[in-house]
2 protein chains.
Amino acid sequence: MQTMNIYDIAAEAKTSISTVSRVLNNKGNVNPEIRQRVEEVLKKYDYKPSAIARGMVSKTMKSIAILTVDVRVTHYARMVYVIEQIFSNEGYNVTVCNTGGSISECGRYFEILSEKQVDGIVLIGSVFNELIHYPEMTARIKGIPVVVANGQVKQPDFYSVMVDDMKGIRSVVDYLYEKGHRDLLYLYDLETESSRAKCQGFLEAMKLHDIAGAEKNVVHCRYGLEGGLEAAEEICQLGIPFTGIVCGEDITAIGVMKGLKKKGFRVPEDIAVTGCNNSPDSLICEPELTTLDNKPELLGDMCAQLLKDVLEGRKALSNVAIQPELMIRGTTQ
Amino acid sequence: MQTMNIYDIAAEAKTSISTVSRVLNNKGNVNPEIRQRVEEVLKKYDYKPSAIARGMVSKTMKSIAILTVDVRVTHYARMVYVIEQIFSNEGYNVTVCNTGGSISECGRYFEILSEKQVDGIVLIGSVFNELIHYPEMTARIKGIPVVVANGQVKQPDFYSVMVDDMKGIRSVVDYLYEKGHRDLLYLYDLETESSRAKCQGFLEAMKLHDIAGAEKNVVHCRYGLEGGLEAAEEICQLGIPFTGIVCGEDITAIGVMKGLKKKGFRVPEDIAVTGCNNSPDSLICEPELTTLDNKPELLGDMCAQLLKDVLEGRKALSNVAIQPELMIRGTTQ
DNA sequence: TTGAAAGCGGTACCAC
DNA sequence: GTGGTACCGCTTTCAA
């Protein structure tokens, strides 16, 4: 049994394809008797209309794409998950693209996605801010609505949901200040808009607390556990003139903590450590990590809703920024 | 400027759509002069052929789907990543579906995917073994090749790449035995084919070492950190008649370890703990977790290659099973 | 209420 | 080499 098309169904039900189409989509009036006949044939062959043929006329396959640096990063996966659930519920399918942070990879995806006429795109990660410098890339998806999660690309059809990273880190510093910490180090790894905002939040908070010279206390290291370990090494060479280390990422914070412990320092007794992301990792390490929850699920949800609004013609420009929330755990006291 | 189609291009280049199609696909011979003309028009309008229209005749949109319980689980995300990279390199796009482990969700996805005529499907996770009991579900994707990662569904068009979980756990027990352990507990959480194989591996290994009554030492707990903590509680109530705990999942192992430490037990001095998956988590916890590396990247790679083989008409039935490898770390001695 | 027919934007076959 | 044309499988308009 070859796979049936609408003509076969019409023939077997002794009617026209127009009528079959009508019962298929519940559109227009159909004589109950004929409808009955058609439905029987439909069932008999377990007929499924071709989404491709349908897409040919409707100009949409009901699909969206998510571009992310790497789904293996839990923080991104959490957003991908939420967005996928929301859109799959509406009959969309969600294609996932790992760009590795490379703009040219991103461009390659844009090309394919535009040929496949996806309905919308979600860009996860503030790396995609760079796109603003590559109009020849964004030109490839002209007309396709794009939602950037925690990033802004000021171009037509680009929308954003922001996370207030700056304020978030400020609240971390405020908290540490309250706890009596004055000598804080800020450790960042990735160099994205988001990490810059965090860094700025650190500096602003220090200034607000009248702590001078905080600029010297901003240090860069490689991303990840290894990066954190290396950073701990360096920090120890400075003789640890700090009572607290504020990190831009949980995993780096965890690495730093491991490194410090290896060197004989106690966390939090000798030195406090904080991370950012409220990742599952932060509950695995010991002590559990005080971290900034930037609510990836909420972010993903808001991105999905915003994109849906745009696709369905609503003009709901979400301007609210997500406010991270401090999760106080064992690495600070 | 409306988006151009092949007719517009042909008109502007003063030729026929056939010729445009030829230069587009580099098929057949085209007079260099005309080709030149066509290419100019193509460039001028930055023309992109519609993949949907193309799909209409070729019956494929060059897309595959990956079904997984939950991409937020790093172990799955690692496979998704690898498969996505391989297929996107070939011009495919990869849609990701989170079934939450529910067969009916899986069925819903099958329906959509079959309407969209994906070229192939990868099922990640041995939960999908259940499908064998739901022929009405698999009927929905009749004709679409499916590769199951570490699972087997004996039906036409279903292919498998297996991981030898049983042997893997056997090697864990062997190692612990060598280290002098005789009283081992096996802790499992999920109830999948894979977890059953692991459990069987445990029992077989114990039998091979002439340790009787191992069946009583198989305990179930909830999945995850919490589950592990609860399990530790229970185990402590047994008075810990064990010197080692073999776990089916890293995260559960980590939970158990945390729980035991809270109760004053030392790992590995008082009790050894092992996990399974060689997840990043296993490097975060302290001490670092001895764990079975079941090589998700390799598994993903092999699934992708197998699917490609099938799609491209090669009959490369991969029968080799992946052999997990023991990563010895700090939780055993 | 129904059906014929015109697209949708390509591919591929077949004359010329 | 080139162009006409018949599909691919639907939706939609328009007469009947």
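As the structure is a computational prediction, the values presented were derived from the model and not from experiment. Proteins get letters first, then strands, A, B, ... in listed order; numbering begins at 1 in each.
Between A/C97 and the choices A/L67, A/I112, A/T68, the side-chain contact (heavy atoms from CB on, under 4.5 Å) rule is met once, by A/L67. Only one option out of A/V148, A/L113, A/D157 pairs with A/I121 in a side-chain contact (heavy atoms from CB on, under 4.5 Å); it is A/L113.
Contact annotation for A/I34: backbone-only contact, meaning every heavy-atom pair under 4.0 Å involves sugar-phosphate atoms and none involves a base. Across all strands, A/S58 comes closer than 4.0 Å to no nucleic acid atom at all (heavy-atom distances). Residue contacts shown for A/S18 include a base, since a base heavy atom lies under 4.0 Å away. Contact annotation for B/S50: backbone-only contact, meaning every heavy-atom pair under 4.0 Å involves sugar-phosphate atoms and none involves a base.
Seen from the ring of B/Y81, A/R72 counts as a face-on cation partner, given the 6.0 Å and 45° thresholds.
Counting to the nearest Å, the P atom of D/dC10 and the CE atom of A/M56 are 13 Å from each other. Rounded to whole angstrom, the span from the CE atom of A/M61 across to the P atom of C/dG9 amounts to 15 Å. In this structure, the CG atom of B/L24 is 9 Å from the C1' atom of C/dG10, given to the nearest Å. Taking atom CD1 of B/I6 as the reference point, atom P of D/dT5 lies 16 Å away to the nearest angstrom. In this structure, the NZ atom of B/K27 is 17 Å from the P atom of D/dT2, given to the nearest Å. The nearest whole Å value for the distance from the CZ atom in B/R22 to the C1' atom in D/dG3 is 7 Å. Summarising the geometry, the separation between CD1 on A/I17 and C1' on C/dA6 is reported as 11 Å, rounded to the nearest angstrom. Between the CG atom of B/N25 and the C1' atom of C/dA12 there is a distance of 11 Å, rounded to whole Å.
For a distance-only test at 3.5 Å, the side chain of B/R35 fails to qualify as a donor-acceptor partner of the base of D/dG1. In the interface, the side chain of B/Y7 is not paired with the base of C/dC8 through any donor and acceptor atom under 3.5 Å apart.
For A/N29, a side-chain nitrogen or oxygen approaches OP1 or OP2 of C/dT1 to under 4.0 Å. Contact between the side-chain N/O atoms of B/K59 and the OP1/OP2 oxygens of D/dC8 is not found at any separation under 4.0 Å. Phosphate proximity of C/dC8 to B/N5: absent, as no side-chain N or O sits under 4.0 Å from OP1 or OP2. Remark: B/Y47 is in phosphate contact with C/dG10, judged by side-chain N or O atoms under 4.0 Å from OP1 or OP2. Distances shorter than 4.0 Å separate none of the side-chain N or O atoms of A/S16 from OP1 or OP2 on C/dT2.
To the nearest 0.5 angstrom, B/N93 atom CG is 8.0 Å from A/N93 atom CG. Note that CG of B/D70 is 8.0 Å distant from CD of A/Q85, once rounded to the nearest 0.5 Å.
Of the charged side-chain nitrogens involved, at least one lies within less than 4.0 Å of a carboxylate oxygen, so that A/R108 and A/E105 count as a salt-bridged pair.
For the pair B/V57 and B/V30, nearest-nucleotide mapping onto DNA chain D gives the more 5' position to B/V30.
Of all nucleotides listed (C/dT11, C/dT1, C/dG9), C/dG9 comes nearest to the side chain of B/A53.
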